[in-house]
Amino acid sequence: MKNLILLFVSFVFSLSIYAKNESQPISVEVTGKGKPIILIPGFTVPGNVWNPLVKKLEKNYECHIVTLAGFGGKEPIEFPWLPKVNESLKNYILKNDLQNTTIIGHSLGGTIATWLASQSDIKLSKIILIDALPASGALMIPNFNPEKLMYESPYNNQLLAMDDVAFEQTATTMSKGMSLKESAQEKIKNWILESDRKTYVYGYTDYLRLDLRENLKNISIPVTIIAASQPYGEEMVKQTYKNQYVNLKDYNYIIAEDSAHFIMLDKPEWFLKQMQTILSSK
């Protein structure tokens, strides 16, 4: 009998170790009390990008701060990456009964929020999209066809084969287009460099494949979009959003003047005020 008990304990302990070591599509940190809010960062970005906002919100809101697999020091997962991230977030909402929650998402995080809002079995309160599009691939790729976007491509293979010096140069170039501040550009570059390389390459292919323009027809909750004016200028940005969100019945649109993609880093005080105003509105 004693041997059986020891065997059972050993088995349970082995399962526990396995569960801890198994990579998960999302990691979530919860802080604060009140109405729930889920905060989803953009591609390569750790959840702590939301720290200044969370400090303002956690007195009145229960903040669920997400970091995606392969980013911010989190272990990578098997591919396809983004579908697993989406389903994991959906299951997290259902498992924790986070119905009527608000989702705030930046870039890819906003695209994921859009996908979640279009799901019939999830009832959200509102979504706030920060410089996020439902189909980034359609904007970036001529004759866009998601089925033609493959993991194995010359561009992807080149990125995977780059040595650390060449990849850092690539990350530096990319970061300069995402913020107007040098200090923020350095952060963005480091987030790229800290990412799992394969997730960075193949995960971005997943991102470009995702086209939610038809899904917008299924969204009836309040949507607020905050768009950066730079580097393309307000008129071009406004037209881009109008074209991409044509299937969304109604949304509130706010332009962040003198800001690039990382609005929360380029205009932190303005951003915090906007977020508090949006969250307090009915």
Side-chain angles (χ1 to χ4, degrees), residues 40-45 49 82 103-115 117-118 126-146 148-149 155 170-185 187-189 191-192 203-217 219 222-275 277-278:
I40 311 174
F43 196 75
T44 76
V45 184
V49 71
L82 187 53
I103 300 182
I104 301 170
H106 172 239
S107 191
L108 169 63
T111 306
I112 295 171
T114 302
W115 182 82
S118 71
K126 65 176 73 171
I127 57 174
I128 304 170
L129 313 178
I130 302 153
D131 221 46
L133 295 173
S136 292
L139 179 67
M140 299 171 63
I141 303 170
N143 303 315
F144 174 67
N145 182 349
K148 292 184 178 180
L149 295 177
Y155 179 71
T170 299
T172 299
T173 301
M174 294 193 69
S175 67
K176 288 182 178 178
M178 295 184 183
S179 173
L180 304 181
K181 291 183 175 181
E182 287 188 13
S183 58
Q185 292 169 8
K187 279 186 180 179
I188 296 162
K189 181 194 78 172
W191 289 333
I192 294 172
Y204 199 70
T205 299
D206 284 345
Y207 183 14
L208 294 180
R209 281 176 180 164
L210 191 60
D211 186 349
L212 301 175
R213 289 175 292 182
E214 284 297 313
N215 297 58
L216 295 172
K217 296 176 181 178
I219 298 175
V223 178
T224 298
I225 299 169
I226 304 178
S229 65
Q230 299 300 322
Y232 305 108
E234 289 186 27
E235 287 305 314
M236 185 177 289
V237 169
K238 187 175 182 180
Q239 190 59 49
T240 295
Y241 277 81
K242 184 178 179 181
N243 292 340
Q244 285 254 325
Y245 284 95
V246 67
N247 288 328
L248 187 60
K249 295 172 186 176
D250 187 32
Y251 60 90
N252 184 31
Y253 177 83
I254 301 169
I255 191 78
E257 298 178 359
D258 302 318
S259 176
H261 186 55
F262 278 81
I263 299 169
M264 68 284 284
L265 301 181
D266 278 1
K267 302 189 71 172
E269 292 181 5
W270 180 89
F271 176 75
L272 292 176
K273 287 178 182 178
Q274 292 297 319
M275 298 304 294
T277 300
I278 297 165

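Sequence positions, counted from 1, serve as the residue numbers for this chain. The shown structure was predicted, so the numbers you read here are calculated from the model rather than taken from an experiment. Basis for what follows: all heavy atoms, side chains included, without hydrogens, waters or symmetry-related copies.
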Rounded distance [0.5 Å steps], [atom1] in [X] versus [atom2] in [Y]:
| X | Y | atom1 | atom2 | answer |
| --- | --- | --- | --- | --- |
| L133 | Y207 | CG | OH | 7.0 Å |
| N143 | I141 | CG | CD1 | 10.5 Å |
| L210 | W115 | CG | CH2 | 9.5 Å |
| F43 | M178 | CZ | CE | 9.5 Å |
| I225 | Y253 | CD1 | OH | 8.0 Å |
| Y245 | T240 | OH | OG1 | 11.5 Å |

ask   = If every non-hydrogen atom of I103 is compared with every non-hydrogen atom of A113, which pair is closest and at what distance?
value = CG2-CB, 3.5 Å

inquiry  = So which atom in L208 and which in M140 form the shortest heavy-atom distance, rounded to 0.1 Å?
reply    = CD2-SD, 3.8 Å

key: Verdict with supporting geometry, M174 and I188, side chain to side chain contact (heavy atoms under 4.5 Å, CB included)   = CA-CA 9 Å; M174 294 193 69; I188 296 162; over 6 Å; no

Should [X] and [Y] count as side-chain neighbours, where that means a heavy-atom distance under 4.5 Å?
| X | Y | value |
| --- | --- | --- |
| I112 | L82 | yes |
| I104 | I130 | yes |
| K238 | I255 | no |
| T170 | T172 | no |
| F144 | P142 | no |
| M264 | V49 | yes |
| Y251 | T224 | no |
| K249 | I219 | no |

Side chain to side chain donor-acceptor pair (under 3.5 Å) pairs, two or more places apart, involving residues 259-275 = S107-H261, D131-H261, S179-D266

note = Between V223 and the options L216, T114, I127, the side-chain contact (heavy atoms from CB on, under 4.5 Å) test singles out I127

key: Inter- and intrachain pairs under salt bridge (charged side-chain N to carboxylate O under 4.0 Å, His left out), touching residues 203-212, at least two apart   = D206-R209, D211-R213

message = Determine whether N215 and N247 satisfy the following criterion, side chain to side chain contact (heavy atoms under 4.5 Å, CB included), listing intermediate values before the conclusion.
response = CA-CA 8 Å; N215 297 58; N247 288 328; over 6 Å; no

Side-chain donor-acceptor distances from residues 227-237 under 3.5 Å, at least two apart:
| unit_1 | atom_1 | unit_2 | atom_2 | d |
| --- | --- | --- | --- | --- |
| S229 | OG | A256 | O | 3.2 |
| S229 | OG | D258 | N | 3.1 |

query = Any chance NZ of K181 has more than 12 other-residue heavy atoms, nucleotides or ligands included, within less than 6.0 Å?
reply = yes

